[in-house]
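The chains referred to below are lettered A, B, ... by the order of the sequence lines, with proteins before strands, and numbering in each begins at 1. Just so you know, these numbers use all the heavy atoms, side chains as well, and skip hydrogens, waters and symmetry mates.
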Number of protein chains: 2
Amino acid sequence: MKRIAESTVRRLSLYLSFLEGIERQGLTTISSDELAQMGGTTSAQVRKDLSLFGSFGKRGLGYSVPELSRKLREILGLGKEWRVCIIGAGKIGAALARYRGFAERGFQVTGVYDVDDAKIGKKWENLNVRAIADLEKDSAKHAYDIAVVATPAENTPAVVKQVLRAGIKAILNFAPIQLAVPADVTVRNVNMAMELEGLSFALSNRGD
Amino acid sequence: MKRIAESTVRRLSLYLSFLEGIERQGLTTISSDELAQMGGTTSAQVRKDLSLFGSFGKRGLGYSVPELSRKLREILGLGKEWRVCIIGAGKIGAALARYRGFAERGFQVTGVYDVDDAKIGKKWENLNVRAIADLEKDSAKHAYDIAVVATPAENTPAVVKQVLRAGIKAILNFAPIQLAVPADVTVRNVNMAMELEGLSFALSNRGD
DNA sequence: GATAGTTTGTGAACTAATTCACAAGCCCTC
DNA sequence: GAGGGCTTGTGAATTAGTTCACAAACTATC
């Protein structure tokens, strides 16, 4: 299959979330133009994005909401249950562990790890906090698919080394540093400082 | 000035964070190639990004670390103190309010708001939680520059209406919905479900 | 102060992403 | 079952973003 751009994948995700809302409203079909307007893009963009994976619509009519939902879930790999571990038993991890939306989409948080001895062994969001050193042997039975790294910057390189050793191939990184990983490991960075700086830039340069 | 792409701004932010690390190490100059390697890009990209704002380097030598830091901070608008309010006294807001990196970069969280009567009036991360209804009158004296919206999806449209009414022109949105705002308001979305779905896609399509 | 060795800054070339524009296909009505 | 009214799917055109490649400019050395 042709390489799919990250921006395309983000939009597919967005379309899916719109479709879920529409499904709840009980509507059964939707046009590319309606989806486009909800997402702040163009109808051509929507059709092009979808056409990369097949042709799911009916000319003159639009897309069947449940069918397109199903297809998008399939494309995004949301058919299976993904096993997620959180590294760093802090606020960010807690926000993720609590959010019901993840479980609904098949992301199950089944382990939490930390370096802090004071936290290890304690209950945290219905899970026992374990030592990072245990990650590798735990992953033999837990088979984690995704690691959420939410540790302070200074600990993160060591933590990532453990994650890689555990054979985990996908990382959601909240630490404000760049991770060094082999090519077969996918990383998505969420960097709140960067987002705030983007807003700062926008505020400082309005009107030029 | 020429329109600057969001991807460029993100990279500038990234360069700045590298420079801060390098500054701590005590190095005084750096080449575009070194910066590029840290950020996983090319030296040409680095030079092009910087050249959009001026020419800060010395041929044959590279860039002065403190000078380039200063310039980047200026470009990104980090010279001034930005006043930030957090809407939604939950885990995400708490993670932001606590992170020392923000204060260091000039983002000061000076107010927290919530809809939940049980939270209003309580202390939260050294701040008093206030009612969202108070945002508009508070912003007269607080002059918030940026609102961090971290509320459940269902409350978010109403919350955003209040934010706009308070005259705030920059929003960092963590709610998993698309915000409708006028053109002079800048929004950055952080959507963790979307990030996890991106990883799910990558895991499901490895090797094609 | 000439030469060798670097590294910047930037047009030009290239690649990727988005938008245009329209034939093809479907529904509905008469 | 023919015609009108929509909306898709997709090549072509356009726009945006990245990389190339090299002259210009600087340092260091002799």
Exercise for review: Kindly indicate, with the supporting measurements, whether the criterion side chain to side chain donor-acceptor pair (under 3.5 Å) is fulfilled by B/Thr156 and B/Thr151.
Suggested key: CA-CA 6 Å; B/Thr156 301; B/Thr151 46; 2.9 Å; yes
Can you see if the side chain of [X] gets near the phosphate of [N] - specifically, an N or O under 4.0 Å from OP1 or OP2?
X: A/Arg47; N: D/dG9; result: no
X: A/Tyr63; N: C/dC26; result: no
X: A/Arg11; N: C/dT18; result: yes
X: B/Ser55; N: C/dG9; result: yes
X: A/Thr42; N: C/dT19; result: yes

Exercise for review: Using a heavy-atom cut-off of under 4.0 Å over every strand shown, decide if B/Ser32 touches base, sugar-phosphate, or nothing.
Suggested key: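 Counting heavy atoms under 4.0 Å across all strands, the contact made by B/Ser32 is with sugar-phosphate only.
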Exercise for review: Could you tell me whether B/Ala5 contacts a base, only the sugar-phosphate backbone, or nothing, with contacts defined as non-hydrogen atoms closer than 4.0 Å?
Suggested key: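 The answer is sugar-phosphate, as B/Ala5 gets under 4.0 Å only of primed atoms, P, OP1 or OP2.
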**Study point:** Given DNA chain D, 5'-ward residue of the pair A/Ser51 and A/Gly60, judged by closest heavy atom
**Key:** A/Gly60
To the side chain of [X], which of [options] is closest?
X: A/Ala44; options: C/dC20, C/dA12, C/dT18; value: C/dC20
X: B/Gln45; options: D/dG11, D/dC22, D/dT19; value: D/dT19
X: B/Lys48; options: C/dT10, C/dT7, D/dA12; value: C/dT10

Once you round it to whole Å, what is the distance between [atom2] of [N] and [atom1] of [X]?
X: A/Arg3; N: D/dT18; atom1: CZ; atom2: P; answer: 13 Å
X: B/Gln37; N: D/dT19; atom1: CD; atom2: P; answer: 14 Å
X: A/Asp49; N: D/dT8; atom1: CG; atom2: P; answer: 13 Å
X: A/Asp33; N: C/dC20; atom1: CG; atom2: P; answer: 12 Å
X: A/Glu67; N: D/dT8; atom1: CD; atom2: P; answer: 13 Å
X: A/Leu50; N: D/dT8; atom1: CG; atom2: P; answer: 10 Å
X: B/Leu61; N: D/dT29; atom1: CG; atom2: P; answer: 13 Å
X: B/Lys58; N: C/dT7; atom1: NZ; atom2: C1'; answer: 13 Å

Practice item. Answer with yes or no whether A/Arg59 presents, from its side chain, a donor or acceptor under 3.5 Å of a partner atom in the base of D/dT8. Key: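 Such a pair is found, so the answer is yes.
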Exercise for review: May I have the step-by-step check of side chain to side chain donor-acceptor pair (under 3.5 Å) for B/Gln45 and B/Asp49, ending in yes or no?
Suggested key: CA-CA 6 Å; B/Gln45 180 77 79; B/Asp49 286 340; 3.2 Å; yes
Review point. So B/Tyr144 and B/His142, would you call those rings parallel, tilted or perpendicular, with 30° and 60° as cut-offs?
Key: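 Ring orientation of B/Tyr144 relative to B/His142: parallel.
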Exercise for review: Just do the ring pair (Phe, Tyr, Trp, His ring centres under 6.0 Å) check on A/Phe18 and A/Tyr15 with the steps written out, would you?
Suggested key: CA-CA 5 Å; A/Phe18 296 152; A/Tyr15 304 154; 7.1 Å; no
Review point. Is there a donor in the side chain of A/Glu34 and an acceptor in the side chain of A/Ser31, or the other way round, less than 3.5 Å apart?
Key: yes
